[in-house]
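Order of appearance sets the numbers: ligands from 1, and atoms from 1 within every ligand. Since we're looking at a predicted model, the values are computed, not measured.
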Amino acid sequence: MKISIISGSHRNPSQSEKVARYIETELSNNFDDIEPWVYALADNPLPLWDQSLWEDNEEWDQRLAPLRQQLSESDAFVIIAPEWHGQVPAGLKNFFLMFNRFELGHKPALIVAVSSGDGGAYPVAELRMSSYKNNRLCYIPEQLILRNVEQILNKKSEDNNVETDGYFRERISWALGILRGYSVALKSMRETTEIHHDKFSNGM
Ligand SMILES: Cc1cc2nc3c(=O)[nH]c(=O)nc-3n(C[C@H](O)[C@H](O)[C@H](O)COP(=O)(O)O)c2cc1C
């Protein structure tokens, strides 16, 4: 199965991308049947949504075609969101304007919030409230809030806080196993259910 990891920070480098690469390696090392793929929003690879995206604009089609393919082939997602002024970064919300139920619909997603301090709750609340209505992404009940992120998951062990680093590594590994379980379960749901309805193309 393919799991796409979306790193929601515009910064380059960023702690979110550090976390994305760690999760990519974890998935590769721990699960023989998972092929991870990272898409980072570093340096804003996607321009802001504009009306021409809905008007068969060739430039947009070319830009989005490879992404649409990767996302529609994915069975599950990890959405990594740093907390920026108590919000999800604008580039991540822009990402959710570009893709729809054909790429994301009825597929499980694990939210990973990132904060350099004690924050991280707001991105979880925001994503759960407002990023899935039309695309029907299924956020699983398990979530991760990586607080004091600069002190964990670093390659050099001396840069890590031994106690919190160990806890988060264990917790991430467990959460990824839960995501894999949902991925298996929801695949069969999609295969056995008519999930698309022309009349109800958008959520309520
Ligand atoms: C514009 C901006 C606003 C931020 N606001 C918050 C915030 O409201 N709460 C918080 O916990 N951290 C905040 N931070 C710090 C981030 O938690 C920190 O940069 C962390 O490394 C995650 O972001 P990154 O993935 O871009 O590195 C902010 C960072 C930036 C760049």
Side-chain angles (χ1 to χ4, degrees), residues 3-30 34 36-49 63 67 70-71 74 76-99 104 108-132 135 137 139-176 178-179:
I3 297 190
S4 288
I5 303 161
I6 312 301
S7 172
S9 176
H10 312 189
R11 299 203 305 164
N12 189 7
S14 72
Q15 292 294 318
S16 296
E17 193 162 347
K18 177 188 83 175
V19 171
R21 296 292 166 196
Y22 176 81
I23 288 176
E24 178 186 32
T25 307
E26 277 293 291
L27 288 172
S28 292
N29 291 349
N30 297 341
I34 295 180
W37 177 72
V38 174
Y39 183 65
L41 297 177
D43 299 325
N44 299 303
L46 294 172
L48 276 184
W49 184 95
R63 184 183 293 129
L67 269 170
Q70 286 283 354
L71 299 175
S74 298
F77 300 93
V78 177
I79 307 295
I80 303 177
E83 181 169 310
W84 279 10
H85 294 320
Q87 310 171 72
V88 165
L92 186 55
K93 298 309 289 271
N94 189 46
F95 173 89
F96 284 117
L97 294 178
M98 312 268 155
F99 303 104
L104 309 178
L110 171 69
I111 294 174
V112 181
V114 169
S115 168
S116 57
D118 291 330
Y122 288 115
V124 174
E126 185 176 343
L127 288 172
R128 288 196 184 282
M129 188 177 78
S130 63
S131 59
Y132 71 94
N135 62 43
L137 188 63
Y139 289 119
I140 65 171
E142 196 58 33
Q143 64 207 18
L144 294 164
I145 303 182
L146 307 184
R147 297 193 165 113
N148 299 303
V149 68
E150 278 149 33
Q151 298 169 26
I152 62 170
L153 312 181
N154 296 303
K155 286 194 176 133
K156 287 190 201 155
S157 57
E158 63 267 30
D159 293 338
N160 293 325
N161 173 321
V162 179
E163 206 176 309
T164 53
D165 182 60
Y167 174 81
F168 279 116
R169 283 174 195 253
E170 205 178 332
R171 183 107 201 193
I172 289 168
S173 168
W174 183 71
L176 293 177
I178 301 284
L179 179 66

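Looking at Ser4 and Ser74, their side chains do bring a donor and an acceptor atom within 3.5 Å of each other.
Nearest heavy atom pair, residue Leu110 against residue Glu142, reads CD1-O, 3.5 Å.
Salt-bridge formation is not detected for the pair Lys18/Glu150: no Lys NZ or Arg NE/NH1/NH2 atom is positioned less than 4.0 Å from an Asp or Glu carboxylate oxygen.
Contact shell of ligand 1 (protein heavy atoms, cutoff 4.0 Å): Ser9, Arg11, Ser14, Gln15, Ser16, Pro82, Glu83, Trp84, His85, Gly86, Val114, Ser115, Ser116, Gly119, Glu150.
Considering Pro89, Ser7, Ser116 in turn, Pro89 is the only one that fulfils the side-chain contact (heavy atoms from CB on, under 4.5 Å) rule with Pro82.
Taking the six-membered ring where tryptophan is involved, the planes of Trp37 and Tyr39 are essentially parallel, since the angle between them stays under 30° and well short of 60°.
Ile152 contributes atom CD1, which lies 6.5 Å from atom OG1 of Thr164 (distance to the nearest 0.5 angstrom).
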